[in-house]
Every structure is written in structure tokens, then in C-alpha cells.
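Here is the structure we will look at.
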There are 2 protein chains.
Amino acid sequence: MAHSPKRKLFLDLVRAIFRINGLLLADGDRMAEGVGLTSARWKVIGIIALSNAGVTVPGIARALGQSRQAVQRITDVMQTDGLVSYATNPRHKRSVLVQLTDQGQQVYHALRTVQDPWAIGLTDDVPVDELESALRLLQRLIFRMEKP
Amino acid sequence: MAHSPKRKLFLDLVRAIFRINGLLLADGDRMAEGVGLTSARWKVIGIIALSNAGVTVPGIARALGQSRQAVQRITDVMQTDGLVSYATNPRHKRSVLVQLTDQGQQVYHALRTVQDPWAIGLTDDVPVDELESALRLLQRLIFRMEKP
DNA sequence: GTCAGGCTGACTGTATGTTGTCAATCTGGC
DNA sequence: GCCAGATTGACAACATACAGTCAGCCTGAC
């Protein structure tokens with residue numbers, strides 16, 4: 001199996017994923033610094049913005065596939081920075097809902113105006129069906145890795 | 001452009017890359033803990049093992065697309081753990097060569113015996129050409145992001 | 001209603017990664 | 001040979017992420 005071409009292919013894919021992950025974070029930081037964010041924070045802001053009624057911290061963590069402690073610390077910092085606010089959760093006494101403040105909304109939209117052209121430019125000459133099939137492959141691998 | 005399906009597709013792809021990056025690190029840690037490694041360390045060990053004559057710390061960093069400081073810290077720890085050794089570099093007075101010790105070699109091979117079946121099993125029913133095209137797409141994106 | 005088990009917040013420790021800075025070394029053009 | 005610019009090692013500050021732990025709250029089965 002050590003000589004399986006598929007094995008080498010897969011390990012190359014793993015290396016590419018590590019590499020592009022780092023590059024995406026670097027690009028994200030570069031785009032976000034204009035609005036005073038870091039990539040970890042706009043990842044969280046993106047999830048909150050997608051929800052209408054607010055989400056709990058563990059809910060954000062599950063959506064991102066991260067530990068709730070990591071998300072908790074980020075939301076705490078963003079609260080002191082005035083980007084998010086905690087609202088009482090009618091369905092759970094201790095688990096509060098995280099919502100974007102007006103300032104948080106403004107930052108989110110400012111970020112979008114930078115992020116959207118970046119996303120478009122990067123995939124300029126990449127056919128849609130290639131994006132689709134790559135996404136399907138990754139999601140398939142994710143699914144298999146999440147169900148042990 | 002906000003309604004471009006390609007934009008949403010790309011952002012889904014970005015999310016999938018973040019997700020699978022985390023899962024790969026978690027799986028890597030799980031596999032590596034049996035031999036006393038972490039995923040950051042086997043990434044470095046893998047690069048060293050591929051080189052015959054030894055590589056410099058900045059060389060490893062370039063291969064991984066990371067900062068040399070991050071790699072330096074890892075190799076320092078692995079040296080005190082006896083996995084790697086520093087050899088004088090005939091081509092550079094200050095920049096030493098990192099080499100695997102016998103123990104490092106053993107750990108590397110022990111890791112392979114766990115990692116290879118994992119790689120095979122994960123891509124069991126994934127056609128080779130799908131892996132190839134996904135890899136090509138990622139490498140294309142990487143190339144565009146590396147050349148600003 | 002009660003209670004066991006799950007979920008959540010808070011805290012701690014550790015690992016990893018980035019950027020920035022400084023001095024020492026190396027390289028290549030002249 | 002010499003010097004400007006790149007490379008390297010060393011150190012520091014900071015951000016992010018994970019795992020573990022504990023106590024309090026919630027949910028659902030009984």
C-alpha cells in the first residue's frame with residue numbers, strides 16, 4: 001500500500017489543505033484588519049450574521065466544528081469591543097444568545113465589501129462545476145471523518 | 001455579486017477547508033499520540049524524512065508554508081526529546097541541518113504503519129480522478145494566493 | 001415530582017502559530 | 001575584495017485552539 005498512487009494523492013491533498021488553510025487565514029487577516037477584526041472573529045461573526053434570532057456559544061462552536069471554549073473567548077472579547085451582545089435565552093436560563101450589535105452589523109457589512117470581490121477574483125477563471133465537485137469531495141471526507 | 005452562486009460555492013468551500021483542516025489535525029493527533037507525537041511534529045518529521053541529507057529549519061518552514069519561528073520551536077523540542085539532531089551545515093555556518101535520529105526514524109516508521117491504513121480507508125470508495133481534480137483545484141487556488 | 005444524564009459557563013494548562021525586532025552571517029553584484 | 005541586501009537564529013508579545021475539570025442548570029424518562 002505504500003506504493004499506492006492513491007495514497008500519495010491523498011497525502012498531497014492533505015498537504016494542500018494545510019497550505020490553503022494557512023493562506024486563507026493570512027488573506028482573511030489582511031482583509032479584516034481594516035475593520036479591526038481577525039480571521040477567527042469574522043468566522044464567528046459570519047455564523048452570527050446568518051442567524052436571525054441569535055445563537056448560543058456552543059451552537060456557533062458546533063457550526064464551526066470547534067470547541068466551545070475557543071468560541072466563548074472570542075465572543076467575550078467581541079462583547080467588550082461592542083461588536084456582539086448577550087441576550088437572555090428564553091429556552092435556556094444559563095446559555096445566552098449572541099447577537100450582533102449595530103456596530104457589529106456595520107463591521108460585518110464592511111467586511112463583505114472587501115471579502116466578496118476577493119472571493120470573486122480568486123475564482124475568476126475556475127469553472128463552477130470544478131468548485132462543486134471539489135466541495136462535494138471535501139464534504140464527503142468530512143462526513144467520513146466526523147462519523148468514527 | 002452578492003447573489004452569485006459561485007461566490008456562495010466558494011465560501012462553502014472555504015468553510016469546508018477550515019472544517020477538514022481541524023478534523024485532519026484531530027485525526028493526526030489521535031494517530032500520533034501512540035508514538036508520543038502531535039500533528040505539528042509529524043508534519044515536520046515528514047519533511048525531514050523526505051530529505052536525505054538533512055534540511056535547514058527555514059527550509060522546512062518553506063516546505064510547509066509556515067513561519068520559520070514556528071518550525072524552530074518544534075525542532076528544538078524534538079531535539080530535547082531525542083527525535084532529531086542538529087548537524088553542522090557545510091554550506092552555512094549558522095544554519096544547521098536537521099536530521100532524524102535513530103529514534104526519530106523509528107517513530108516515523110511507526111507513524112506510517114498507522115497513517116497509511118487511515119489514508120487508504122478514508123479514500124476507499126473515492127475515485128482517483130476525483131482526488132486528482134480536487135487536488136488540482138486547490139493547487140490552483142494556492143498558486144493564485146501565493147502570487148499577490 | 002424526582003433524578004440521572006446532558007449541556008453550559010468558567011477556569012486552567014498546554015500546544016501551535018503569527019508578527020516584530022535585533023544581531024550575526026551569507027550571497028551576489030560590482 | 002567589498003559592500004548592500006537577503007537569510008538566519010534568538011527572543012518576545014500576542015492570538016488561537018484543544019483538553020480537562022468543576023459546578024450549576026436543563027431535559028426527559030420514570
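Quick note on labels: first sequence line is chain A, next is B, and so on, each numbered from 1.
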**OP:** Residues of residues 36-45 of chain A with any non-hydrogen atom less than 4.0 angstrom from an atom of DNA chain C: list those, numerically ordered, please.
**Re:** none
Rounded to whole Å, how long is the line connecting atom [atom1] of [X] with atom [atom2] of [N]?
| X | N | atom1 | atom2 | result |
| --- | --- | --- | --- | --- |
| D76(B) | dG9(D) | CG | P | 10 Å |
| Q72(A) | dC11(C) | CD | P | 10 Å |
| E33(B) | dT14(C) | CD | C1' | 15 Å |
| I60(B) | dT8(D) | CD1 | P | 12 Å |
| I74(A) | dA17(D) | CD1 | C1' | 9 Å |
| R62(B) | dT7(D) | CZ | C1' | 8 Å |
| L24(B) | dT16(C) | CG | C1' | 16 Å |
| N89(B) | dT7(D) | CG | P | 16 Å |

Flag the pair [X] / [Y] as yes when at least one side-chain heavy-atom distance between them is below 4.5 Å, and no otherwise.
| X | Y | answer |
| --- | --- | --- |
| L24(A) | L141(B) | no |
| L13(A) | I17(A) | yes |
| R30(B) | D27(B) | yes |

**OP:** Identify the residue among R136(B), R140(B), K6(B) that makes a salt bridge (Lys or Arg N to Asp or Glu O under 4.0 Å) with E130(A).
**Re:** R140(B)
**OP:** May I ask you to decide whether R73(A) forms a salt bridge with D76(A), counting only side-chain N to carboxylate O separations under 4.0 Å?
**Re:** no
Original post:
What is the nucleic acid contact for V77(B), judged by heavy atoms within less than 4.0 Å: base, sugar-phosphate only, or nothing?
Top reply: nothing
Subject >> From CA spacing to verdict: salt bridge (charged side-chain N to carboxylate O under 4.0 Å, His left out), R19(B), D12(B) >> reply: CA-CA 10 Å; R19(B) 184 79 193 92; D12(B) 282 344; over 6 Å; no
Original post:
Among side-chain atoms of D29(B) and S39(B), is any donor-acceptor pair under 3.5 angstrom?
Top reply: yes
Original post:
Do T101(A) side-chain atoms and G82(A) backbone N/O form a donor-acceptor pair below 3.5 Å?
Top reply: yes
**OP:** To the nearest 0.5 angstrom, please state how far the CZ atom of R68(A) sits from the OG atom of S95(A).
**Re:** 10.0 Å
**OP:** Using a 4.0 Å cut-off on protein heavy atoms (strictly under), produce a 5'-to-3' string for nucleotides 18-25 of chain C with B for base contact, S for backbone-only sugar-phosphate contact, and - for none.
**Re:** BBBB-BBS
